[in-house]
Peer 1: 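Sending over a structure as C-alpha cells; questions will come in a sec.
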Amino acid sequence: MLALNHSFADALPTMAVEALGADFPDPQIVVLNEPLARDLGLDPTWLRSDDGLRWLTGANGGHATAYAGHQFGQFVPLLGDGRALLLGDLPTPDSRVEIQLKGSGPTPFSRPGSDGRGALGPMLREYLVSEFMHAVGVPSTRSIAVLTTGEKVLRHHGYAPGGIVVRVARSHLRVGSVQYAAAHSPDLVRAVIRTAGFDAPEDLLATVMERQLELVAQWMRIGFVHGVMNTDNVALSGETLDYGPCAFTEKFRPAAVFSSIDAHGRYAFGNQPDIMAWNLTRLAEALLPASNEDAMREVLADMEPTWHRVWEKHVPDPQALAQAEDITTYNHKHHGGPVFIPRNRMLERAISSAEREGDLEPYFDLLTAVTDPYNSEAGPAWMAEPEGDEGEPFITYCGT
C-alpha cells in the first residue's frame with residue numbers, strides 16, 4: 001500500500017474526519033495521467049493493479065475535511081467534503097501536493113439524501129478541463145485518473161455510470177476553511193493561517209487576493225466561466241477549484257451563464273471579478289478573529305489597483321477582445337494563444353459518447369488536442385472552429 005502523509009489532518013485535527021470510500025463492485029480506470037503519476041512518484045502499473053484500484057477508490061481510507069461557505073450569497077456554517085476524500089499528501093521538490101477523490105461515496109459531511117457518489121460524465125469533464133487549464137498556464141487542480149465504479153447513479157438526465165476523479169492540488173484549504181475556523185475559535189483561525197503557510201493574517205489576505213484576482217483575469221482572457229464561485233470553491237492556493245458546471249463563452253459576453261443552478265446569473269462571465277472581490281471581503285471578515293478591522297481594510301484597499309494591474313498584464317487590448325467574434329481565434333492570431341480549447345458542445349458530445357455509448361474515442365481525441373493546445377497538428381482543424389451560439393442554449397450541470 002502506498003504510504004502518504006496526512007499533513008492536513010495532523011495540523012487541523014478538528015477539521016478532518018476519518019472516512020472510507022464506498023465498496024464499489026467493479027472499479028476500472030477509464031483514463032490515467034501517466035506522466036503526472038510518474039512525476040508524483042506513483043507507478044502507473046501499480047495504479048492499474050487490484051491494490052492500486054482499491055487505493056484509487058478510497059478503500060484504504062482518508063479524511064473528509066470540514067469547511068463553511070457562502071453558497072450563492074447565503075452563508076452555510078457547515079458544508080465539508082460530502083462526496084470527497086482526502087487520501088493524503090506527497091512531498092514535491094518545492095512543497096507538497098494533496099491527493100483527493102471526488103465521487104468516492106458518502107462521508108460524515110454528506111447532506112441528507114446524498115449518495116456521495118459521482119457520475120462518470122462530470123468526472124471526465126473535470127479531468128479534461130483541468131488538464132487543459134494546466135496546459136495553458138492557468139493555475140488549477142490537476143487530475144491523475146478517472147474511474148468507473150461498476151454502479152449506476154441517478155442524476156438529472158436519468159441513470160448514468162458512476163465515476164470518480166482523482167485530483168491533486170497544492171492545498172484544499174479554501175476561503176470556506178477560514179470561515180469555518182472563524183465560527184469556532186481564534187486559535188483555529190490562527191492554525192489555518194499557519195497551515196496555509198503564513199505567519200500573519202494580513203499576509204495571507206494580501207497573497208490570496210493577488211492570486212485570485214490574477215486567476216480571474218486569466219479566466220476572463222480565455223472565456224472561462226467557472227459557474228459556481230461560492231466561497232468554498234475559492235482555494236487559498238490560487239488554483240482553480242471545482243469544475244462542476246464550468247463552460248467557455250466564445251464571445252466576450254458579460255451576461256454569459258451556462259450553469260443550471262445559477263438561475264439569477266450571479267456568477268455570469270462578466271460578474272466574476274466583482275464576485276471574487278466579494279469573496280475576498282468575506283475572507284477578510286473571517287480573518288478578523290486573528291487580526292483587526294484596520295489591518296484588513298488596509299489590505300482590501302489595494303484590491304482595485306491589484307485588479308487593474310493583473311487585468312492589463314493578461315489582457316493587453318480589452319476592447320479588441322470584447323469585440324472579437326471568437327475569443328480563442330483572436331488570442332491565437334494576436335497574442336499566441338491556444339489553437340484548441342474544450343468548446344462546450346464539442347466536449348458535451350465527447351462526454352455523452354463515453355457515458356451513454358461507451359465510446360471513448362471522441363473524448364480521447366479532444367483530450368489530445370486540448371492538452372497540446374498550441375500545436376495545430378494535435379487535432380483536426382474543425383476542433384479549432386467556433387461553434388456559435390445558434391440553437392438551444394447550452395446548459396451545464398454540476399453532476400452532484
Side-chain angles (χ1 to χ4, degrees), residues 29-39 44 120-146 148 163 165-167 218-227 240 243 245-252 256 258 269 314 321 324-391 394-396:
I29 291 176
V30 177
V31 53
L32 179 63
N33 192 336
E34 293 194 10
L36 176 58
R38 290 193 184 96
D39 286 347
L120 177 61
M123 304 310 170
L124 289 172
R125 175 186 297 274
E126 173 147 341
Y127 184 106
L128 186 144
V129 180
S130 65
E131 286 302 297
F132 162 76
M133 297 288 264
H134 172 74
V136 295
V138 177
S140 174
T141 60
R142 296 191 64 189
S143 297
I144 297 177
V146 173
T148 53
V165 66
V166 185
R167 74 179 180 195
Q218 292 189 63
W219 290 354
M220 303 290 284
R221 176 176 55 88
I222 59 175
F224 179 75
V225 188
H226 185 278
T240 308
Y243 287 90
C246 72
F248 291 84
T249 180
E250 293 191 334
K251 293 186 178 181
F252 202 93
F258 302 97
F269 176 63
H314 290 294
L321 183 64
E325 287 297 309
D326 178 63
I327 290 172
T328 303
T329 304
Y330 168 83
N331 282 333
H332 178 66
K333 181 178 180 180
H334 296 283
H335 302 294
V339 179
F340 301 107
I341 70 164
R343 295 181 185 271
N344 295 338
R345 290 182 173 85
M346 194 180 301
L347 176 56
E348 197 63 31
R349 287 193 298 270
I351 288 174
S352 179
S353 174
E355 191 176 49
R356 300 183 184 184
E357 302 166 27
D359 180 6
L360 284 157
E361 185 175 357
Y363 180 83
F364 283 117
D365 287 346
L366 183 58
L367 179 64
T368 298
V370 301
T371 53
D372 190 10
Y374 300 96
N375 176 10
S376 61
E377 303 298 318
W382 62 264
M383 279 190 180
E385 294 297 319
E387 295 176 329
D389 295 326
E390 295 79 13
F394 182 77
I395 300 173
T396 57

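Count residues from 1 along the sequence. Values below: all heavy atoms of this structure, side chains included; hydrogens, waters and symmetry mates excluded. All figures in this text were calculated on a predicted structure; none of them were measured in a lab.
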Peer 1: With heavy-atom distances below 4.5 Å as the criterion, would you say the side chains of Leu366 and Leu128 are in contact?
Peer 2: yes
Peer 1: Locate the shortest heavy-atom distance separating Gly223 from Ile327; write the atom from each residue and the value.
Peer 2: CA-CD1, 3.8 Å
Peer 1: List in chain and number order the residues that pass side-chain hydrogen bond (donor to acceptor under 3.5 Å, both in side chains) with Glu348, two or more places apart in sequence or in another chain; answer none if no residue qualifies.
Peer 2: Arg125
Peer 1: Do you see a donor-acceptor pair shorter than 3.5 Å between the side chains of Thr141 and Ser130?
Peer 2: no
Peer 1: Going through the checks in order, is the ring-ring contact (aromatic ring centres under 6.0 Å, His included) test met by Phe248 and Phe394?
Peer 2: CA-CA 10 Å; Phe248 291 84; Phe394 182 77; over 10 Å; no
Peer 1: Do NZ/NE/NH1/NH2 and the carboxylate oxygens of Asp326 and Arg343 come within less than 4.0 Å?
Peer 2: yes
Peer 1: Find the distance between OG (Ser376) and NE2 (His332) and round it off to the nearest 0.5 Å.
Peer 2: 7.0 Å
Peer 1: Taking only residues two or more places apart in sequence or in another chain, which ones pass side-chain contact (heavy atoms from CB on, under 4.5 Å) with Glu361?
Peer 2: Asp359, Asp365
Peer 1: Check Glu355 against Gly121 and note the closest heavy-atom contact, atom names and distance.
Peer 2: OE2-N, 2.9 Å
Peer 1: I need the Leu124 CG to Leu347 CG distance, nearest 0.5 Å.
Peer 2: 9.0 Å
Peer 1: If you measure from CD1 on Ile222 to CG on Leu321, what distance do you get to the nearest 0.5 Å?
Peer 2: 11.0 Å
Peer 1: Check the pair Met346, Met383 against side-chain contact (heavy atoms from CB on, under 4.5 Å), reporting the backbone distance first and the verdict last.
Peer 2: CA-CA 8 Å; Met346 194 180 301; Met383 279 190 180; 3.8 Å; yes
Peer 1: For Gly388, does its backbone N or O pair with a side-chain atom of Glu250 as donor and acceptor, under 3.5 Å?
Peer 2: yes
Peer 1: For Thr371, does its backbone N or O pair with a side-chain atom of Glu131 as donor and acceptor, under 3.5 Å?
Peer 2: no
Peer 1: Measure the spacing between NE2 of His134 and CG of Asn33 and express it to the nearest 0.5 Å.
Peer 2: 8.5 Å
Peer 1: Just wondering, do Tyr127 and Leu367 contact through their side chains at under 4.5 Å, heavy atoms?
Peer 2: yes
Peer 1: Search all heavy atoms of Tyr374 against all heavy atoms of Ala135 and return the closest pair with its distance.
Peer 2: CE1-O, 3.8 Å
Peer 1: Distance check, rounded to the nearest 0.5 Å: Tyr363 atom OH versus Ile351 atom CD1?
Peer 2: 6.5 Å
Peer 1: If we only count heavy atoms from C-beta on, is the Trp219 to Thr240 side-chain gap below 4.5 Å?
Peer 2: yes
Peer 1: Nearest 0.5 Å, what's the CD-CE distance between Gln218 and Met133?
Peer 2: 8.5 Å
Peer 1: To check you understand the geometry: which heavy-atom pair defines the closest contact between Ala378 and Thr368, and what is its length?
Peer 2: O-CG2, 3.7 Å
Peer 1: Can you find a pair of side-chain heavy atoms, one from Thr396 and one from Cys246, that are under 4.5 Å apart?
Peer 2: no
Peer 1: Do you know the tightest heavy-atom contact between Val138 and Arg221?
Peer 2: CG2-NH2, 4.4 Å
Peer 1: Please tell me whether His335 and Tyr330 form a close aromatic pair, meaning their ring centres lie under 6.0 Å apart.
Peer 2: yes
Peer 1: Would you tell me whether Asn344 and Glu387 have side-chain atoms, one donor and one acceptor, within less than 3.5 Å of each other?
Peer 2: no
Peer 1: If the condition is side-chain contact (heavy atoms from CB on, under 4.5 Å), which residues does Ala384 pass it with, not counting sequence neighbours?
Peer 2: Val339, Phe340
Peer 1: Could you check, using the six-membered ring where one of them is a Trp, whether Phe252 and Phe269 have ring centers closer than 6.0 angstrom?
Peer 2: yes
Peer 1: Which atom names give the shortest non-hydrogen contact between Ala369 and Gly379, and what distance separates them?
Peer 2: CB-CA, 4.2 Å
Peer 1: Report yes if the side chains of Phe258 and Thr249 come closer than 4.5 Å at any heavy-atom pair, otherwise no.
Peer 2: yes
Peer 1: Is there a side-chain contact between Ser140 and Tyr243 (heavy atoms, below 4.5 Å)?
Peer 2: yes
Peer 1: Yes or no on side-chain contact (heavy atoms from CB on, under 4.5 Å) for Val370 and Ile341, after CA distance, side-chain angles and deciding distance?
Peer 2: CA-CA 6 Å; Val370 301; Ile341 70 164; 5.6 Å; no
